[in-house]
Amino acid sequence: MSPLRRDTYQRLGGAGLHNASRLARPVLCAALLASVSHTVCAFTVAIAPAAPKTVYLQVGVGGFTGHYNAGGTPGNNATVNKESVTVAAAAVGNATAQAMTTDSTVGASSYDGFAFCNVPAQLYIGGFYRTTTAGGGSVNVTATVPAALVDAGGDTLSFARISWTTGGNGDSGSEPFPAGSFSAGAVQTVGTITQNQWAESCWTFSYSNTTLPAAGTYTGRVLYTLTAP
């Protein structure tokens, strides 16, 4: 593994209870009040500094061998997962948002194997930023978004019509990869991982369905990137 890995995946992205061991980890959550007996949290974990300095990003199907908490190792994976929806002719443009689904089969956390996301409705996103020493920095995950999805006839549909909610099984509270919508033709920040932290979320995508585009199959690709200084 090189001293600094930059893992970039091209993806157009994709509740229950955690097991007891996950809920018990003190690094995951913060109590709302001292008198409250339970905590609410998203799934983030402090990891120990170690050489080499490493970043890892997984959106959908990844290249992790084993699980991080059991000594697993990250790797590259060229798979490009898709989110898709077919809008019935009678419903086109009726302003009823249409749920999208992913072709990714990955719902388990690469940190510990917990069944975190519910496929095909949700898309797994997770990764880590590890340095050789302690510190308080952070890195952003960005999405490079084309202006539009395009069909075979050259008709276009703005990427801004696609949005997502966020949250995995047993989660509540602030997510490292929060809900949002695509900014057409822009590079936007879609999440943050702090120094020496594992972070993950599950995204649920939808299409706003507020316009009357020409009939066709519209496609486009968003590039997700995690880099560290």
Side-chain angles (χ1 to χ4, degrees), residues 1-14 18-19 21-22 25 27-28 42-83 101-120 122-135 137-145 164 166 168-169 171 175-177 187 189-203 205 221-229:
M1 188 181 297
S2 59
L4 173 61
R5 285 189 53 242
R6 171 178 172 174
D7 281 353
T8 301
Y9 291 87
Q10 295 179 319
R11 304 284 190 271
L12 173 57
H18 287 302
N19 55 32
S21 62
R22 174 167 281 194
R25 293 177 188 150
V27 296
L28 304 185
F43 191 69
T44 56
V45 183
I47 59 177
K53 184 178 182 181
T54 307
V55 293
Y56 175 76
L57 176 64
Q58 177 178 338
V59 186
V61 175
F64 218 91
T65 301
H67 300 127
Y68 187 92
N69 71 334
T73 55
N76 291 314
N77 190 310
T79 302
V80 178
N81 287 125
K82 290 179 285 188
E83 287 278 333
T101 57
T102 180
D103 64 353
S104 169
T105 58
V106 174
S109 167
S110 289
Y111 177 78
D112 60 1
F114 177 72
F116 189 51
C117 303
N118 304 303
V119 293
Q122 294 180 313
L123 182 76
Y124 176 87
I125 176 169
F128 68 89
Y129 169 38
R130 188 183 69 204
T131 58
T132 57
T133 59
S138 64
V139 291
N140 289 331
V141 175
T142 61
T144 302
V145 186
W164 61 93
T166 186
N169 289 328
D171 273 4
E175 293 282 340
F177 302 99
V187 177
T189 297
V190 295
T192 301
I193 305 176
T194 61
Q195 191 171 344
N196 298 315
Q197 182 189 69
W198 180 285
E200 58 187 29
S201 296
C202 303
W203 281 342
F205 284 84
R221 182 178 293 181
V222 172
L223 177 68
Y224 293 100
T225 306
L226 169 62
T227 51

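Between Tyr68 atom OH and Tyr111 atom OH the span is 8.0 Å, to the nearest 0.5 Å. In this structure, the separation between OG1 on Thr44 and CZ on Phe177 is 10.5 Å, given to the nearest 0.5 Å. The distance from atom CD of Glu175 to atom CD1 of Ile125, rounded to the nearest 0.5 Å, is 11.0 Å.
Listed here is the closest heavy atom pair of Ser109 and Glu200: OG-OE1, 2.9 Å. Minimum heavy-atom separation, Tyr124 to Ser110: OH-N, 3.4 Å. When every heavy atom of Ser201 is checked against every heavy atom of Cys117, the shortest pair comes out as O-SG, 3.9 Å. Residues Thr102 and Asn81 share a closest heavy-atom pair of OG1-CB, 4.4 Å. Of all the heavy atoms in Gly113 and Ala108, the pair that sits closest is O-CB, 3.8 Å.
Counting heavy atoms from C-beta outward, Thr142 and Leu223 have side chains that stay 4.5 Å or more apart. The side-chain heavy atoms of Val55 and Thr227, taken from C-beta on, include no pair separated by under 4.5 Å. With a 4.5 Å cut-off on side-chain heavy atoms, Thr133 and Pro49 do not count as touching. Side-chain contact between Pro229 and Val139 is present, with at least one heavy-atom pair separated by less than 4.5 Å. With contacts defined as side-chain heavy-atom distances shorter than 4.5 Å, the pair Arg130/Pro52 qualifies.
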Verify side-chain contact (heavy atoms from CB on, under 4.5 Å) between Phe116 and Cys202, making sure each step is shown before the conclusion.
CA-CA 8 Å; Phe116 189 51; Cys202 303; 3.4 Å; yes
Could you go through Tyr129 and Lys53, starting from their C-alpha distance and side-chain angles, then the distance that decides it, and tell me whether this counts as side-chain contact (heavy atoms from CB on, under 4.5 Å)?
CA-CA 8 Å; Tyr129 169 38; Lys53 184 178 182 181; 4.3 Å; yes
Using the side-chain contact (heavy atoms from CB on, under 4.5 Å) rule, take Ile47 and Asn69 through it: C-alpha gap first, then chi angles, then the decisive distance, then the call.
CA-CA 9 Å; Ile47 59 177; Asn69 71 334; over 6 Å; no
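Side-chain contact, Asn77 with Thr79: a donor N or O sits under 3.5 Å from an acceptor N or O.
Between Phe43 and Phe114, a ring centre-to-centre spacing not shorter than 6.0 Å is recorded. The distance between the ring centers of Trp203 and Tyr224 falls below 6.0 angstrom.
When atom types are taken as modelled, the side chain of Asn169 and the backbone of Ala115 share a donor-acceptor pair closer than 3.5 angstrom. A donor-acceptor contact shorter than 3.5 Å is absent between the side chain of Asn196 and the backbone of Ala50. Checking side-chain atoms of Asp103 against main-chain N and O of Lys82 turns up a donor-acceptor pair under 3.5 Å. Put simply, the side chain of Gln197 never gets that close to the backbone of Ile193: no donor and acceptor are under 3.5 Å apart.
Ser138 meets the side-chain contact (heavy atoms from CB on, under 4.5 Å) test with Thr192, Thr194; sequence neighbours excluded. In this structure Thr101 satisfies the side-chain contact (heavy atoms from CB on, under 4.5 Å) test together with Ser84, Pro120, sequence neighbours excluded.
Using a 30° and 60° split on the angle between ring planes, Tyr56 and Phe64 fall in the perpendicular class, above 60°.
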